[in-house]
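Naming convention: chains lettered A, B, ... in sequence-line order (proteins, then strands); numbering from 1 in each chain. The structure presented is a predicted model; accordingly, all values stated were derived computationally and were not measured.
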Amino acid sequence: MSRALSAVKGMNDILPEEIGRWHAFEGRFRAAVELFGYSEIRVPIIEATPLYVRSVGEGTDIVDKEMYSFVFHDEPLTVRPEGTAGVVRAYVEHQLAAKEPTSRVYYLGPMFRGERPARGRYRQFYQAGCEVFGDAGPGVDAEMIDMLVRFFASLSIDGLEVLVNSLGGKGTKAAYRERLVAYLRPMQAELSEDSRRRLETNPLRILDSKHERDQAAIAGAPSVLDCIDDDDKRHFDRLLELMTKLGTPFRVEPRLVRGLDYYARTLFEIKGRGGDLGAQNTLCGGGRYDGLVEELGGTPGIPSIGFALGIERILLASTFGADQATASVFVAPLGERAGAEALVLGRELREAGIKTLVETRGGSLKAMLRRANAVGARLALVVGDGELDRGVVQLKDLAAHAQADVTRDSLVAAVREKLA
RNA sequence: GUGGCCGUAGAUCAGCUGGUAGAUCAUCGGAUUGUGGCUCCGAGUGUCGUGGGUUCGAAUCCCAUCGGUCACCCCA
């Protein structure tokens, strides 16, 4: 539909009819991660642009072309494209490292990236994520992945696929990068245009290319796992051992890389298949970013790991039901006197904690009862002149097709009993 | 950002090789002036995504544009 005013491309309204599933998801997510000791942290949606340039990294697509950046009173600002950078900034700024040995936080909220929208990919999209600071793993790594797999399964998402890899720490990451470039350079003529450009800017990303021209080159590329040092290797092997012990399904994918620079060591991604999920089937991505706290000015040596999951994608991939918001009681008044009384009745019921909808528009009784059914009410209260004169209300059990007059005084109790 | 496909009532769609619109569901009303979910009857709504062009005449052809979607890309 074309209107004079419409939402900005790639940004969507979440309407009342859909919000139930969002609430359901949010509730389940909070419950699931709080069980593991995570506490919510809320950080601003706008941060200084250099924060993202330094953490996500120059040469990444996010920083190079997808950020909503602007200058406000001479200050370069960016609407957050991801959640980790802001959380790390807050962790460093408030010196949480000095207050507790490890910190576990989670967040929930909108992120913004100027990509071309498609199913499961929007310019304003919602992520939920967790971060753990101060634990070098690999126990947390395994616990975190297992937590996610179980959480997704509880949401009845099928076809889950867990991919894990290790990029190695700072030193080995750089060494591998050189080795990869040395391998690819001789065959650069055969590579796709994008990959040729990335050879200079971000060679690791070439491994992730689905371009047909790149497949042969990628297949023969040296594996990161052959380049990582002994420490990294021990960490990774222990992670796999723990996941096996937990029974968490996984697949080692040596070509798994991410589009953000801060990752090091453990890297994982969880994909889904079912539901209405389209081509954008990565439900969750995460990994270690051991050097980031120091990079952003925090205490050196504080390790960290985290993940972010895409809420829209989870909603597309799953079938769990919405939180119900329908009214329990529908009040149908006939006439003006009853209309006034209906408001009073409604107030009494709500004060007793009963979800009540008063038909303030009036109309024929037939129409009102139809509406009572349509909104999913369990009980209807019919009030007309006859009832008012007798000091009663007609209490109707919609499912049972039964009705009885109830005195005004005993109404709340009678309704309670019916709903119990 | 590049390329393909699509865009008709609130929703899903029909409308052949051009003669200015229909179905189903939903909505609302009615079927003894106060009793519902089924049934029956009735009603309404559309600048046929938008703008321009071809034509006596376009939802139907052409161009552009916007939006959606798929692939690339990217990633959640």
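Separating the CD atom of A:Glu82 from the P atom of B:rA76 is a distance of 8 Å, rounded to the nearest angstrom. What separates OH of A:Tyr52 from P of B:rC75 is a distance of 17 Å, to the nearest Å. What separates CD of A:Glu66 from C1' of B:rA76 is a distance of 12 Å, to the nearest Å. As a whole-Å value, the separation of A:Glu115 CD from B:rG68 P is 14 Å. A:Phe330 places its CZ atom 16 Å from the P atom of B:rU35, with the value rounded to the nearest Å. At whole-Å resolution of the value, CG in A:Asn12 and P in B:rG68 are 7 Å apart. Atom CD in A:Gln124 sits roughly 17 Å away from atom P in B:rA76 (whole-Å rounding). B:rG30 atom P lies 11 Å from atom CG of A:Leu365, rounded to whole Å.
At the heavy-atom level, A:Ala308 lies under 4.0 Å from the strands shown only through sugar-phosphate atoms. Here A:Gly335 lies out of heavy-atom contact (under 4.0 Å) with every strand. Among the atoms of the strands shown, base atoms are found under 4.0 Å from some heavy atom of A:Tyr122. Residue contacts shown for A:Gly10 are limited to sugar-phosphate atoms, with no base heavy atom under 4.0 Å away. Base contact: A:Leu334 has a heavy atom under 4.0 Å from a base atom. Within 4.0 Å (heavy atoms only), A:Gly120 reaches at least one base atom of the nucleic acid.
Comparing B:rC75, B:rA31, B:rG29 against the side chain of A:Ala367 picks out B:rG29 as the nearest. Here the side chain of A:Arg121 is nearest to one of B:rC75, B:rG30, B:rG1, namely B:rG1. Distance from the side chain of A:Lys366 is smallest to B:rG36 among B:rG36, B:rC75, B:rG34. When distances are taken from the side chain of A:Pro117 to each of B:rG68, B:rA76, B:rG34, the shortest belongs to B:rG68. For A:Gln394, counting side-chain heavy atoms from C-beta on, the closest listed nucleotide (B:rG34, B:rC75, B:rG36) is B:rG34. Closest to the side chain of A:Arg116, out of B:rG36, B:rA76, B:rC70, is B:rC70. Picking from B:rG36, B:rA76, B:rC75 the nucleotide with the shortest atom distance to the side chain of A:Cys284 gives B:rA76. Distance from the side chain of A:Ser209 is smallest for B:rC73 among the nucleotides B:rC73, B:rA76, B:rG36.
If you find the closest nucleotide of RNA chain B to A:Gly363 and to A:Gln127, the one lying nearer the 5' end belongs to A:Gly363. Residue whose closest nucleotide on RNA chain B sits further toward the 5' end, between A:Asp397 and A:Ala374: A:Ala374.
Judged purely by distance below 3.5 Å, without hydrogens or angles, the side chains of A:Arg205 and A:Thr60 never pair a donor atom with an acceptor atom. Under 3.5 Å, the side chains of A:Ser156 and A:Thr319 contain a donor-acceptor pair of N or O atoms. For the residue pair A:Glu34 / A:Tyr106, a side-chain donor-acceptor distance below 3.5 Å is found, with atom types taken as modelled.
Rounded to a whole angstrom, the distance from the P atom of B:rA14 to that of B:rC6 is 12 Å.
In this structure, B:rA71 and B:rU2 make a Watson-Crick or G-U wobble pair, each of the two defining distances being under 3.5 angstrom. Of all nucleotides present, only B:rU12 satisfies the Watson-Crick or G-U wobble test against B:rA23, with each distance under 3.5 Å. Pairing partner, B:rC40: B:rG30, with both Watson-Crick or wobble hydrogen-bond distances short of 3.5 Å.
Residue A:Arg119 places at least one side-chain N or O closer than 4.0 Å to OP1 or OP2 of B:rC70. Considering only side-chain N and O atoms, A:Ser364 lies under 4.0 angstrom from the phosphate OP1 or OP2 of B:rG30. Contact check, A:Lys9 against B:rG67: a side-chain N or O comes under 4.0 Å of OP1 or OP2.
Donor-acceptor pairing under 3.5 Å, judged by distance alone, is absent between the side chain of A:Gln403 and the base of B:rG36. Put simply, the side chain of A:Arg205 and the base of B:rC73 share no donor and acceptor less than 3.5 Å apart. With hydrogens and angles ignored, no donor-acceptor pair closer than 3.5 Å exists between the side chain of A:Arg378 and the base of B:rG36.
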request  = Step by step, work out the salt bridge (Lys or Arg N to Asp or Glu O under 4.0 Å) result for A:Glu341 and A:Arg408.
outcome  = CA-CA 11 Å; A:Glu341 183 65 9; A:Arg408 275 298 269 105; 2.7 Å; yes
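Between A:Phe268 and A:Phe307, the ring planes lie tilted relative to each other; the angle falls in the 30° to 60° range. Between A:Phe72 and A:Phe70, the ring planes lie perpendicular to each other; the angle is over 60°, past the 30° to 60° tilted range.
In this structure, the side chain of A:Tyr38 does not engage the main chain of A:Arg30 through any donor-acceptor pair within 3.5 Å.
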